[in-house]
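Single-structure report; data block below.
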Number of protein chains: 2
Amino acid sequence: MPHPLSAGPILSGLTKNQALVLDTIVMAHKPIGAYEILGKLKPRGIKSPVQIYRAVNSLIQCGIVHKVESINAFVRCTHGHPHHGQTTILAICDGCGAVVEHHDDTVDRRLEAWARQEAFEVETVAIELKMRCARCSGLASLATTKTQV
Amino acid sequence: MPHPLSAGPILSGLTKNQALVLDTIVMAHKPIGAYEILGKLKPRGIKSPVQIYRAVNSLIQCGIVHKVESINAFVRCTHGHPHHGQTTILAICDGCGAVVEHHDDTVDRRLEAWARQEAFEVETVAIELKMRCARCSGLASLATTKTQV
DNA sequence: ATTGGGTACGTTATGTTATTACGTTGGTCA
DNA sequence: TGACCAACGTAATAACATAACGTACCCAAT
Ligand SMILES: [Zn+2]
Ligand SMILES: [Zn+2]
Ligand SMILES: [Zn+2]
Ligand SMILES: [Zn+2]
């Protein structure tokens, strides 16, 4: 039988390791790498990378965590309910690590149309933007313009 | 002065290492990782990973090679002319590694609109799909249906 | 012709990310 | 009971990427 959680979005069904890892990801408030998670969980008894990878993979399967491929890190899904086949779009600020999650049906339809045309079956889609958030680009311009009062 | 190549898409301006690496990527006919490139080029005198990474980074700068973030590999750009700020969309077949490259102005506009709305500055965009190509999904169904004659 | 800056190069070492392999534990159910 | 299965623990290793150093070469300004 698959893990109870996979039957629904019930967080209480997580195993101990999964709960520890999810908690660490949530606490980070920005994408966090597997080895950084490991560092934070060593005091709590987690000893090896494979324990982290097993847990994040489960959480990703459940749809409550996303992997940010472009930086090899993991982030809590901020979408209220599970994605119904909607593609996740993530924007990550280089400056502060802030992440914004988004969905766009038009984009999804365009990609689906392309897939039909090319006759391939889509398995997963990753859309990731690297950006400067308003706050970080604001800080940068303050630093250059010097006096903005 | 930047390398002559960066002034235009003139392949003849590549350095020796860049040409070797590009050649290896082209010969692969699918995404190829840095260490696999290294393996193939050892007989030709390349000895270390950094030589590969330096070359692929130059080629990526020039826009003639793309990095496939989701599998840490590199692939030749199949777009005729250089991308004019257009986002590259890559679909990679799990089965055989085939890559299809695409662009979609509508998708680009939707992402730009979102960025404006959220007030962040886009730096780079990566759109990657994992898929089964027609051939590979065909083979899979043959294997399961047994007799398709 | 010298000098200085910029670009690529070579070499070594190291850091970071991810998986393989194998044995154990603890539930579920015929 | 015992077959099964998912999760777990542990150790080793594979795969990916960069840091830090000095050298070689081209070119333009002095
Ligand atoms: Zn999400
Ligand atoms: Zn920011
Ligand atoms: Zn391209
Ligand atoms: Zn295929």
Side-chain angles (χ1 to χ4, degrees), chain A residues 1-7 10 12-22 24-25 28 31-62 65-75 97 126 128, chain B residues 1-7 10-22 24-25 28 30-62 65-75 94 97 126 128 130:
Chain A
M1 186 200 304
H3 189 275
L5 181 63
S6 56
I10 304 111
S12 57
L14 295 173
T15 68
K16 182 180 149 240
N17 286 1
Q18 287 163 11
L20 285 170
V21 167
L22 177 58
T24 308
I25 290 171
I32 181 172
Y35 280 75
E36 199 179 340
I37 296 171
L38 177 58
K40 295 201 191 282
L41 289 180
K42 269 185 173 155
R44 303 244 247 151
I46 303 288
K47 302 216 171 119
S48 87
V50 64
Q51 295 173 276
I52 307 297
Y53 284 104
R54 286 204 274 237
V56 292
N57 288 335
S58 304
L59 296 169
I60 288 167
Q61 284 288 33
C62 299
V65 161
H66 298 298
K67 176 166 187 182
V68 187
E69 299 285 357
S70 55
I71 56 172
N72 300 308
F74 306 94
V75 69
E128 298 181 6
Chain B
M1 187 199 304
H3 190 274
L5 181 63
S6 57
I10 303 111
L11 293 194
S12 58
L14 295 173
T15 67
K16 182 181 149 241
N17 286 2
Q18 287 162 11
L20 285 170
V21 168
L22 178 57
T24 308
I25 290 171
K30 56 178 177 166
I32 182 173
Y35 279 72
E36 200 179 340
I37 296 171
L38 177 58
K40 296 201 192 284
L41 289 180
K42 269 186 173 153
R44 304 244 247 150
I46 303 288
K47 303 220 170 116
S48 85
V50 331
Q51 295 172 276
I52 307 297
Y53 284 104
R54 287 204 273 236
V56 293
N57 288 334
S58 305
L59 296 169
I60 287 168
Q61 283 288 32
C62 300
V65 161
H66 297 298
K67 176 165 187 183
V68 187
E69 298 285 357
S70 55
I71 56 173
N72 300 309
F74 306 95
V75 69
D94 286 339
E128 297 181 9
K130 288 188 184 167

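Quantities reported herein were computed from a predicted structural model and do not represent experimental measurements.
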Could you check A/Leu59 against A/Leu14 for side chain to side chain contact (heavy atoms under 4.5 Å, CB included), going step by step and ending with a plain yes or no?
CA-CA 9 Å; A/Leu59 296 169; A/Leu14 295 173; 3.8 Å; yes
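With DNA chain C read from its 5' end, the first of the two nearest nucleotides for B/Asn72 and B/Lys16 is the one closest to B/Lys16. Comparing B/Ala73 and B/Arg54 along DNA chain D, the residue whose closest nucleotide (by nearest heavy atom) sits nearer the 5' end is B/Ala73.
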Compile the donor-acceptor pairs under 3.5 Å between side chains in residues 32-47 of chain B and protein atoms, sequence neighbours left out, one pair per line.
none

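Scanning residues 34-52 of chain A for heavy-atom distances under 4.0 Å to DNA chain C yields A/Tyr35, A/Val50.
In this structure, B/Asn17 atom CG and C/dG10 atom C1' are separated by 9 Å, rounded to whole Å. The distance between atom CG of A/Asn57 and atom C1' of D/dA7, rounded to the nearest whole Å, is 13 Å. Going from atom CG of A/Leu14 over to atom P of D/dA6 covers 17 Å, rounded to whole Å. Rounded to whole angstrom, the span from the CD1 atom of B/Ile32 across to the P atom of D/dC16 amounts to 11 Å. Rounded to an integer number of Å, the gap from A/Leu59 CG to D/dA6 C1' is 15 Å. When rounded to the nearest whole Å, the span between OH of B/Tyr53 and P of C/dG15 equals 17 Å.
Considering CG of A/Asn17 and OG of A/Ser58, their distance stands at 9.5 Å, rounded to 0.5 Å.
Regarding contacts with the backbone of C/dT7, every side-chain N or O of B/Thr15 stays at 4.0 angstrom or more from both OP1 and OP2.
Considering only side-chain atoms of B/Phe74, the nucleotide from C/dA18, D/dA17, D/dG9 that sits closest is D/dA17. Comparing atom distances between the A/Lys67 side chain and each of C/dA18, C/dA8, C/dT11 picks out C/dA18 as nearest.
A side chain to side chain contact (heavy atoms under 4.5 Å, CB included) with B/Lys67 is found for exactly one of B/Asn72, B/Asn57, B/Val56, namely B/Asn72.
Between A/Thr24 and A/Leu20 the shortest heavy-atom distance is OG1-O, 2.8 Å.
Judged as a side-chain contact (heavy atoms from CB on, under 4.5 Å), and not counting sequence neighbours, the contacts of B/Val68 are B/Pro31, B/Ser70, B/Ile71, B/Val75, B/Leu90, B/Ile92, B/Glu128.
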